[in-house]
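Side-chain atoms are counted along with the backbone in the values below, which use heavy atoms only and exclude waters and symmetry mates. Since this is a predicted model, take the numbers as computed values, not measurements. Start at 1 and go down the list; that is how both ligands and their atoms are numbered.
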Amino acid sequence: MKKLLKTTILLGILVIAIGLIFLTSCTNKDIKNNNPQWAIVIHGGAGTILKKNLTSETEKLYNQKLNEALEAGATVLENGGTSLDAVTAAITTMEDSPLFNAGKGAVFTAEGKNEMDASIMDGSNINAGAVAGVQTIKNPILAAREVMENSKHVMLQGEGADIFAKEHGLEIEDSSYFFTQRRWESFKKVNKNKFGTVGAVALDIHGNLAAGTSTGGMTNKMKGRVGDSPIIGAGTYADNESCAVSATGHGEYFIRNVVAYDIAALMKYSGVSLKEASNYVIMKKLKDQNAEGGIIALDKAGNFVMTFNTKGMYRGYKNSNGLGEVLIYGDRK
Ligand code: ASP
């Protein structure tokens, strides 16, 4: 009788143990499934973007270009490429389009010229590169990358940066390339909807994060004005230990609040989630200062946010779990 009881108890323990092992393995699988192997998030600027102000044609053009940029980055990642290459591919796609305020579609300064800013950061080694106030470089993000990889500096500005890019074989254009009627008109009207910067953050299958941002700055800005986009820590930041961030909005506030680094530092030093850190910085800190703008960000686990305190932000994401979407207005996420 005693023996039977002992055997029953032992059997019971065995069943419970097997059950526990089974449950744990299921949960782990779920976690693995939720953690994408790769991910990319992009933005094409935040601002007063309202459905009533965009024709369905224009909306379609933006959606197509955002999808194209996402696809360019995702293809790199799917094939085992690096997050830096994915960020570069997505951003150059948007720089080559007249729709966004970067590269081809850059806005005009008060003097009717184009002065572009860009930066890129490698989260695996916190290496970074940037250019500011460049006038002839077709793809400023490539120049930023060139500064990071093939110079001993982090940032080059003005003519020196243009010369550096030319000497390093990057494509150079004259001012007529950067002329677009739409930007010229908004410059003359000093349009309220003055943002439109582009940016991307990515996580690759090697576990590395990267971020990049490119812009024409703000319409009617003073000659020589530099915004947050080329400032590492303000408009762009990436560190595998926290997250990758690209910002868009009223640059002066983003510089003063060191926005991209603030989010990364909050995560790193106080252990809050990416979502909590971004909400605090964008929806509370900046909002309290009436500072308009937003960010996209991604952490090492593939969690991402697209947080903005404006009416809308051109944005999109895609990851290896099959998630993907392009959005414009302030409806979701
Ligand atoms: N942040 C950019 C700047 O101030 C503008 C923008 O994001 O549209 O130069």
A.B. asks: Using distance alone, decide if ligand 1 has a nitrogen or oxygen within less than 3.5 Å of any nitrogen or oxygen in Asn101.
C.D. replies: no
A.B. asks: Give yes if a backbone or side-chain nitrogen or oxygen of Thr197 is under 3.5 Å from a nitrogen or oxygen of ligand 1, and no if not.
C.D. replies: yes
A.B. asks: Is any N or O atom of Glu252, backbone or side chain, closer than 3.5 Å to an N or O atom of ligand 1?
C.D. replies: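 The answer is no, given that Glu252 and ligand 1 share no N or O pair closer than 3.5 Å.
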A.B. asks: With under 30° as parallel and over 60° as perpendicular, where do the rings of Phe108 and Trp184 fit, or are they tilted in between?
C.D. replies: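 Taking Trp184 first and then Phe108, their aromatic rings stand perpendicular (interplane angle over 60°).
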A.B. asks: Enumerate the side-chain hydrogen bond (donor to acceptor under 3.5 Å, both in side chains) contacts for residues 280-289, please, sequence neighbours excluded, ordered by first and then second residue.
C.D. replies: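 Non-adjacent pairs meeting side-chain hydrogen bond (donor to acceptor under 3.5 Å, both in side chains): Asn257-Gln289, Asp262-Lys285, Lys284-Asp288.
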A.B. asks: What I want to know is whether Gly217 and ligand 1 share at least one N or O pair that is separated by under 3.5 angstrom.
C.D. replies: no
A.B. asks: Ignoring hydrogens and geometry beyond distance, is a side-chain donor-acceptor pair present between Thr109 and Glu115 at under 3.5 Å?
C.D. replies: no
A.B. asks: Could you verify whether a donor N or O on one side chain and an acceptor N or O on the other, from Asp162 and Thr136, lie under 3.5 Å apart?
C.D. replies: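 Yes, Thr136 and Asp162 have a side-chain donor paired with an acceptor closer than 3.5 Å.
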A.B. asks: Would you please say whether a donor-acceptor pair under 3.5 Å links the side chains of Asn208 and Asp122?
C.D. replies: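 Short answer, no.
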A.B. asks: Judged by modelled atom types alone, do Glu185 and Gln181 share a side-chain donor-acceptor pair under 3.5 Å?
C.D. replies: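 Yes, because at least one side-chain N or O of Glu185 sits under 3.5 Å from a partner of the opposite role on Gln181.
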A.B. asks: At a 4.0 Å threshold, what atoms of ligand 1 neighbour a non-hydrogen atom of Gly249?
C.D. replies: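 Near Gly249, the atoms of ligand 1 are 1 (N), 2 (C), 3 (C), 4 (O), 5 (C), 6 (C), 7 (O).
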A.B. asks: Checking Tyr253 now: which residues fulfil ring-ring contact (aromatic ring centres under 6.0 Å, His included) with it, not counting sequence neighbours?
C.D. replies: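 Result, ring-ring contact (aromatic ring centres under 6.0 Å, His included) vs Tyr253: His250.
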A.B. asks: Does any N or O of ligand 1 fall below 3.5 Å from an N or O anywhere on Gly196, backbone included?
C.D. replies: yes
A.B. asks: Would you check the N or O atoms of Arg225, main chain and side chain alike, for any that come under 3.5 Å of an N or O of ligand 1?
C.D. replies: yes
A.B. asks: Identify, by atom number and element, the atoms of ligand 1 in contact range of Thr248, meaning under 4.0 Å from any of its heavy atoms.
C.D. replies: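 That gives atoms 6 (C), 7 (O), 8 (O) of ligand 1.
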A.B. asks: Would you say ligand 1 has an N or O under 3.5 Å from any N or O of Gly227?
C.D. replies: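 Min N/O separation from ligand 1 is not below 3.5 Å for Gly227.
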